[in-house]
Amino acid sequence: MAAKVKPSRLEAEIEKCRAECSWQRALEFVRQLVHKSPGFEYMVDFVMGECKLEEYLEKFPPCEKNISKAISELSEAETLFNRVIQGDNRFKFDAQLLLVKIHYCRGNYTGAYALLEKADIDNITIKSPSIRFLRILAEGYAIKGLCLERMPPATTSKFKAAEKEEKIIHYFEKAGDLALLHLQEQERSQTSGQLGVGQVSLAPVNVNDVGLILETAIQQAPILHIKNGKLSCGISRFRELLRAVESRYTQSLRQILSRQLAEVLLRGVCERTYLQLDLSSENSESKSGNTAVPRMYAGDKLFTPANENEEALLLLLIAEAIATSNVVLNRSPEHSEFRQLTFKNVGTVYDLLAIALVKRAHFTLLAESYERAMRFSFDEFHIWYQFANSLICTGKYSRAVLVLNECARQQPKNPALLLQAARICIEYLYQYNEGIDFAERAIAIEGDHPLRSRIYVMMGVGYSMKANDMKMQEERQKQNRNAMNAFYKAFQEDPNDFLASFHLALQLAIQRQISDAVHFVRNALKQCSDHIHSLHLLVLLLSAQKHYEEAVQFLETALQEYPENISLLLTKARLEEVCLGPEEALVTCKHMLKLWKDLHEIHQEDGFESQSRGHIDRTAFDKRSLAQMQLNEVSDRDSGSIRAESIAASRVEHALSEVASSMNSSYVPRHGSQQIWMLQAQIWLHLAELYLSLDRTTEAESCVQETSAIFPLSYQVAFMKGRVLEHKKRFQEAKVYFENAISINPGHVKSLEHLGNVLHNLGNDRMAEKVLREAVNADTKSHQSWYCLGQVLHSLGQYEAASDCLQFAMDLEANSPIIPFTVIPRLLH
């Protein structure tokens with residue numbers, strides 16, 4: 001009895017080795033079997049031929065460039081298979097399919113197809129197949145489809161061509177189903193030990209590789225559906241493949257299919273054409289009536305994506321999880337090629353993730369994904385740079401600068417990286433020294449690169465903003481000179497760069513060189529006629545020259561281009577107040593409130609509600625961007641201060657608001673974007689100023705009350721409350737509010753100016769002098785502060801000094817704009 005059992009056990013071991021692709025070990029078992037039981041010589045020929053074929057394919061995939069090598073090196077395997085086919089044994093059919101594989105490797109597509117037709121695989125009945133046979137049969141179907149695809153058409157009939165396409169897709173789908181079933185059975189046999197209980201698996205590392213032939217067939221089936229205009233069929237086929245029960249052998253294939261389907265959904269499907277996945281429908285097995293199909297996930301509580309974006313994101317997150325787990329971390333030279341291949345796969349997934357998440361404005365999730373990629377992205381510039389951009393979009397500017405600095409290390413000859421880092425430092429972090437250092441590093445890069453003009457502009461902006469922080473007049477003048485030199489260099493580098501001309505004009509305007517500023521801003525508009533900041537600057541320059549009518553006309557032209565720009569409308573209201581009277585300006589302010597209401601409604605409805613549905617209206621997104629841009633312009637328009645005190649003041653206000661909301665249940669911060677509410681607050685404050693000029697204190701108080709309801713602890717609200725009390729001659733109470741405003745923002749020139757005036761009216765001229773000197777030191781170009789200081793000095797009997805101050809105030813007023821030039825933001829766009 002023992003002698004009879006032994007051959008069957010050897011046969012089982014041979015099948016196990018064939019399934020695990022352990023070819024040399026399979027040959028050893030075959031030789032033992034022939035030695036113990038004569039009559040199995042055909043098995044030696046078959047396994048030896050299979051061994052030679054599969055070991056060859058491990059080194060040389062079946063492709064066009066390897067055809068000549070296949071012709072010379074697969075002759076022995078072909079002879080062995082022919083010998084098996086000529087006999088009458090159970091490996092005859094398998095040998096026929098493997099012989100087809102040899103013909104395919106040699107480029108003999110017609111011969112391979114003919115052999116498959118002779119084998120009649122279309123009518124084969126699959127009953128309890130072995131794991132190895134499943135793979136051989138799957139490759140047979142795949143090769144039949146590939147050969148049919150490459151064979152020239154027998155006729156020009158469109159009907160026949162369509163029929164041929166359908167056949168190809170059918171063969172590819174059959175191959176895919178069998179391949180997935182093969183991989184699932186491979187997994188089950190490994191875990192249950194069906195191929196040899198108690199035996200150690202000898203499967204090589206690449207056992208989970210389905211091979212180029214099957215991988216091509218699996219991927220091509222849904223793609224051919226889509227190419228033939230059957231998008232829904234292609235998506236359904238992708239979903240069928242992805243619904244197959246997962247095994248460790250299907251992971252890399254699942255990653256590729258997930259990525260491909262996500263790309264199809266992102267590029268070719270919209271909300272109207274999307275067909276939701278229906279898990280209640282019959283699976284492929286019940287439809288085909290064939291038992292040789294892969295097992296599918298089924299159940300009542302399976303997650304189903306609601307729309308195309310949700311499904312694409314889910315697929316990409318699955319692909320990311322698989323791809324990142326497969327990335328080779330070993331950086332030794334022998335793993336270099338495979339490491340680059342796996343990194344390329346994961347890089348493609350991250351690019352698609354960026355497309356999907358940026359469209360939905362989910363920048364935080366994107367930044368988290370790139371952060372996970374950092375562990376295997378050493379010196380991989382593309383991933384690092386995308387990570388930096390995602391951090392910028394999430395507002396994590398400090399960290400973004402660090403990442404950009406690393407990007408600059410990886411590409412030391414790329415000035416754009418340093419320019420971007422400089423811009424973040426200056427525009428968002430207010431770290432002017434660091435920003436200037438980045439700009440200087442960019443300038444030091446050798447070569448005549450086209451960004452030199454912009455780098456000098458950024459450097460000039462840094463120096464100009466740094467000058468605002470200087471307390472000493474001498475140091476401030478030094479930084480302003482540095483800024484002017486940088487802007488001149490930018491203009492010399494590229495006279496046609498509108499930003500170089502604009503920033504040079506703005507710096508000249510701040511230095512009150514009005515005629516030169518007009519020349520350069522007109523040059524900027526010549527290069528870019530719709531640049532909003534240049535348009536605004538020219539309006540202010542015309543007002544500084546007291547050409548009010550021309551300024552109004554030009555402003556109307558600008559508003560035709562930007563009818564919803566709050567900053568331009570506030571300037572228009574101020575011009576109307578001077579030229580036509582406050583009543584006319586009130587009409588403009590009411591129009592601004594209506595615009596704000598429309599902006600707020602769009603922000604609420606299309607922003608938050610549609611975002612919860614997974615859809616963002618592009619108009620709403622642009623409106624919010626407009627609000628953010630305008631906030632930079634209308635913030636602190638009284639003095640145009642963009643000093644560090646203003647930044648610190650906003651932080652103090654935020655901290656006070658949090659304390660107030662925790663201690664006082666009656667105060668609840670407004671929901672939604674604070675930028676939107678800040679715009680409304682600025683409009684109310686301007687209305688309050690207009691009502692005070694009309695001596696309508698009741699209406700002014702109502703406007704201040706509206707602002708206080710939005711930002712009760714703002715220094716601007718405290719300032720306006722002081723203004724109303726000052727107008728009522730209640731100087732002692734006004735003094736308290738002005739002091740409160742200064743305690744939050746010590747650099748607020750208007751508060752210092754009015755506090756000095758109140759102290760003067762209270763008879764405390766010494767303290768008034770001290771406060772007003774602080775005001776003129778904060779803004780040496782404020783003619784109103786110099787005028788008030790002159791009056792106080794006159795009261796103190798310092799007539800000569802008073803005369804000098806009043807004369808200086810008159811000289812400044814002669815070229816002062818309607819509002820300070822510094823309301824125009826210094827931005828690199």
K.L.:
How close do Asn66 and Tyr56 get, heavy atom to heavy atom, and via which atoms?
P.N.:
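Closest heavy-atom pair between Asn66 and Tyr56: O-OH, 3.4 Å.
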K.L.:
Determine, for Arg9 against Glu13, whether the closest basic-nitrogen to carboxylate-oxygen distance falls under 4.0 angstrom.
P.N.:
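No, Arg9 and Glu13 are not salt-bridged.
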K.L.:
Ignoring hydrogens and angles, tell me if any N or O in the side chain of Glu78 forms a donor-acceptor pair with the backbone of Leu99 under 3.5 Å.
P.N.:
no
K.L.:
Taking all atoms of both residues into account, what is the closest heavy-atom pair of Trp23 and Cys51, and its distance?
P.N.:
CB-SG, 3.4 Å
K.L.:
Just to verify, which of Phe376, Trp384, Tyr350 counts as forming a ring pair (Phe, Tyr, Trp, His ring centres under 6.0 Å) with Tyr370?
P.N.:
Tyr350
K.L.:
Please name all residues satisfying salt bridge (Lys or Arg N to Asp or Glu O under 4.0 Å) with Glu28, sequence neighbours left out, ordered by chain then number.
P.N.:
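In terms of salt bridge (Lys or Arg N to Asp or Glu O under 4.0 Å), with neighbours along the sequence ignored, Glu28 is linked to no residue.
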K.L.:
What I want to find out is whether Glu117 reaches Lys144 closely enough, with some N-O distance under 4.0 Å, to be called a salt bridge.
P.N.:
yes
K.L.:
Determine the interplanar angle of the Phe91 and Phe46 rings, folded into 0 to 90°, and report it as parallel if under 30°, tilted if 30 to 60°, perpendicular if over 60°.
P.N.:
parallel
K.L.:
Can we say Glu240 and Arg243 salt-bridge, meaning some charged N sits less than 4.0 Å from an Asp/Glu carboxylate O?
P.N.:
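Not counted as a salt bridge, because no side-chain N and carboxylate O are separated by less than 4.0 Å.
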K.L.:
Between Lys101 and Glu54, is there a side-chain N and carboxylate O pair less than 4.0 Å apart?
P.N.:
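Yes, Lys101 and Glu54 are salt-bridged.
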K.L.:
Does a salt bridge link Glu50 with Arg132, judged by any charged N lying under 4.0 Å from a carboxylate O?
P.N.:
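Looking at Glu50 and Arg132, the cut-off is met.
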K.L.:
Please evaluate residues Glu320 and Arg372 with respect to the criterion salt bridge (charged side-chain N to carboxylate O under 4.0 Å, His left out), reporting the C-alpha separation (whole Å), side-chain torsions for both, the decisive distance (0.1 Å), and the verdict.
P.N.:
CA-CA 10 Å; Glu320 182 206 5; Arg372 290 194 293 270; 2.9 Å; yes
K.L.:
Checking side-chain contact (heavy atoms from CB on, under 4.5 Å) for the pair Asn309/His362: CA distance, chi angles, key distance, verdict?
P.N.:
CA-CA 12 Å; Asn309 298 302; His362 295 318; over 6 Å; no
K.L.:
Indicate the atoms forming the closest heavy-atom contact of Ile218 with Gly176, along with that distance.
P.N.:
CG1-CA, 3.6 Å
K.L.:
With no hydrogens and no angle check, is any side-chain donor or acceptor of Gln184 less than 3.5 Å from a backbone partner on Val245?
P.N.:
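Confirmed, Gln184 side chain pairs with Val245 backbone.
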K.L.:
Donor-acceptor pair, Thr273 side chain versus Val269 backbone, under 3.5 Å?
P.N.:
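No, because the side chain of Thr273 does not come within donor-acceptor range (under 3.5 Å) of the backbone of Val269.
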K.L.:
What verdict does the side-chain contact (heavy atoms from CB on, under 4.5 Å) test give for Leu57 and Leu53, after you've listed the backbone C-alpha separation in whole Å, the side-chain angles of each residue and the deciding distance to 0.1 Å?
P.N.:
CA-CA 6 Å; Leu57 288 174; Leu53 173 60; 4.1 Å; yes
K.L.:
If you count heavy atoms of other groups shown closer than 6.0 angstrom to CD of Glu55, is the number above 12?
P.N.:
yes
K.L.:
Listed by chain and number, what are the side-chain hydrogen bond (donor to acceptor under 3.5 Å, both in side chains) partners of Tyr109, not counting sequence neighbours?
P.N.:
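Scan of Tyr109 (side-chain hydrogen bond (donor to acceptor under 3.5 Å, both in side chains), adjacent residues dropped) gives Glu64, Arg150.
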K.L.:
Short question: side chain of Ser377, backbone of Glu380 - any donor-acceptor pair under 3.5 Å?
P.N.:
no
K.L.:
For Glu165, is there an ion pair with Lys227 - N to carboxylate O distance below 4.0 angstrom?
P.N.:
no
K.L.:
Inspect the surroundings of CZ in Phe159 and state if more than 12 heavy atoms from other residues, nucleotides or ligands are less than 6.0 Å away.
P.N.:
no
K.L.:
Just by modelled atom types, is the Ala244 backbone N or O under 3.5 Å from a matching donor or acceptor in the Arg254 side chain?
P.N.:
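Present.
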K.L.:
Quick one: do Lys59 and Glu73 make a salt bridge, cutoff under 4.0 Å?
P.N.:
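Salt bridge: no.
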K.L.:
Determine the minimum heavy-atom distance between Leu242 and Ser258, stating which atoms define it.
P.N.:
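Taking Leu242 first and Ser258 second, the nearest heavy atoms are CD2-OG, 3.4 Å.
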K.L.:
Test Phe238 against His225 for side-chain contact (heavy atoms from CB on, under 4.5 Å), laying out the working first.
P.N.:
CA-CA 10 Å; Phe238 270 124; His225 276 303; over 6 Å; no
K.L.:
Kindly determine whether Glu185 and Arg295 satisfy salt bridge (charged side-chain N to carboxylate O under 4.0 Å, His left out), including the steps that lead there.
P.N.:
CA-CA 10 Å; Glu185 292 299 319; Arg295 294 183 298 279; 3.1 Å; yes
K.L.:
If only side-chain N and O atoms count, and only distance matters, is there a donor-acceptor pair under 3.5 Å linking Tyr104 with Glu139?
P.N.:
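Checked: Glu139/Tyr104 side chains show no N/O donor-acceptor pair below 3.5 Å.
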K.L.:
Kindly give the heavy-atom pair with the smallest separation between Arg135 and Val210, and that separation in Å.
P.N.:
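Heavy atoms only, the tightest pair is NH2-O, 3.0 Å.
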K.L.:
Start with the C-alpha gap between Asn389 and Leu366, add the side-chain angles, then the distance that decides, and say whether side-chain contact (heavy atoms from CB on, under 4.5 Å) holds.
P.N.:
CA-CA 10 Å; Asn389 288 327; Leu366 181 62; over 6 Å; no
K.L.:
Just wondering, more than 12 heavy atoms not from Lys164 lying within 6.0 Å of its NZ?
P.N.:
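Atom NZ in Lys164 is packed in, count exceeds 12.
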K.L.:
Please find the pair of heavy atoms, one from Gln260 and one from Ile223, that lie closest to each other, and give the distance.
P.N.:
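That closest heavy-atom pairing would be NE2-CD1, 4.3 Å.
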